[in-house]
Amino acid sequence: MCFDIGLTVRQALADFQRNGDPYAGSAGRYSADNGSIMRLAPVVLFYFPDTNRIRTFSAASSLTTHAVEEAVECCLVLSKVIANALPGEAKTQELKVDSADLIEPKVTAIAQGTYRERYVLTL
């Protein structure tokens, strides 16, 4: 029995039990929640510094429970930020993410850092 998991993860686990498909994540429009991104850091740490494997397995990790493109792309963006941070890059370098392969507009905007221009915090 699982405790405190979301409906998307619960459904993916049930589907996996039923059909054995490890990529049982929902591609439904409303399944782009945060479940796959919450468990992303260990994937990046395990495959670091191999950027190709980080990218491949970050996407695969999301597909296990959250297959909607927005969730997969968010995992790709965050995995790049984590990988950039591990060797101690400057913050400006950590946040540099190539958005050329992204198709989801919201994720592309995050990767390009447009939020930094919109929300300037003053103390």
Side-chain angles (χ1 to χ4, degrees):
M1 177 171 194
C2 295
F3 172 74
D4 198 27
I5 63 172
L7 296 175
T8 304
V9 172
R10 184 181 307 275
Q11 186 61 53
L13 290 172
D15 290 348
F16 172 73
Q17 283 183 317
R18 188 173 47 258
N19 63 27
D21 180 7
Y23 301 114
S26 173
R29 179 176 172 197
Y30 297 107
S31 65
D33 55 23
N34 65 349
S36 61
I37 211 165
M38 289 191 304
R39 63 173 184 271
L40 181 64
V43 175
V44 180
L45 294 173
F46 186 82
Y47 290 107
F48 184 80
D50 188 332
T51 56
N52 289 329
R53 289 176 66 124
I54 289 171
R55 184 172 175 77
T56 297
F57 289 101
S58 292
S61 175
S62 183
L63 292 171
T64 61
T65 57
H66 297 77
V68 66
E69 192 65 31
E70 190 174 32
V72 175
E73 287 187 1
C74 282
C75 284
L76 293 175
V77 169
L78 183 58
S79 71
K80 180 63 175 164
V81 171
I82 295 169
N84 287 347
L86 288 173
E89 295 287 344
K91 186 175 181 180
T92 55
Q93 292 302 112
E94 289 175 9
L95 298 176
K96 286 196 175 186
V97 178
D98 183 14
S99 62
D101 294 338
L102 303 174
I103 60 172
E104 290 295 324
K106 290 177 186 175
V107 182
T108 301
I110 291 168
Q112 293 172 345
T114 58
Y115 62 89
R116 287 177 271 184
E117 298 161 9
R118 286 182 161 172
Y119 304 104
V120 177
L121 298 177
T122 57
L123 301 176

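Throughout, numbering of the chain's residues begins at 1 and tracks the sequence. It should be emphasised that the depicted structure is a prediction, and the values quoted were computed from it without experimental measurement.
Between S36 and T64 the shortest side-chain heavy-atom distance does not fall below 4.5 Å. Residues S79 and L40 meet the side-chain proximity criterion, which asks for heavy atoms closer than 4.5 Å. Considering only heavy atoms from C-beta on, F48 comes within 4.5 Å of P87 through its side chain. With a 4.5 Å cut-off on side-chain heavy atoms, L102 and V77 count as touching. In this structure, L86 and L45 have side chains that are in contact, with non-hydrogen atoms separated by less than 4.5 Å.
Here the rule is side-chain contact (heavy atoms from CB on, under 4.5 Å) with L78, and of I110, V97, V44, I37 only I37 fits it.
H66 and V72 make their closest contact through O-CG2, 3.7 Å (heavy atoms, listed as atom of the first residue, atom of the second, distance).
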Residues I82, I54; criterion side-chain contact (heavy atoms from CB on, under 4.5 Å); working and verdict: CA-CA 10 Å; I82 295 169; I54 289 171; over 6 Å; no

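Interatomic distance, Q112 CD to D98 CG, rounded to the nearest 0.5 Å: 9.5 Å. Annotation: the span from R53 atom CZ to S58 atom OG amounts to 12.0 Å, rounded to 0.5 Å. Atom CG of residue D101 and atom CD of residue E73 lie 9.0 Å apart, to the nearest 0.5 angstrom.
Atom CZ of R55 sits in a sparse spot, with 12 or fewer heavy atoms from other residues, nucleotides or ligands closer than 6.0 Å.
For the pair D21 (side chain) and D15 (backbone), a donor-acceptor distance under 3.5 Å is absent. Judged purely by atom type and a 3.5 angstrom limit, E70 has no side-chain atom pairing as donor or acceptor with the backbone of E104. Counting only distance, with no hydrogens or angles, the side chain of S62 and the backbone of A59 share no donor-acceptor pair below 3.5 Å.
Cluster annotation: F16 and L63 are assigned to distinct hydrophobic clusters (Ile/Leu/Val/Met/Phe/Trp/Tyr, side-chain heavy-atom contacts under 4.5 Å, transitive). Hydrophobic cluster membership differs between F46 and L76, with clusters built from Ile, Leu, Val, Met, Phe, Trp and Tyr side chains linked at under 4.5 angstrom.
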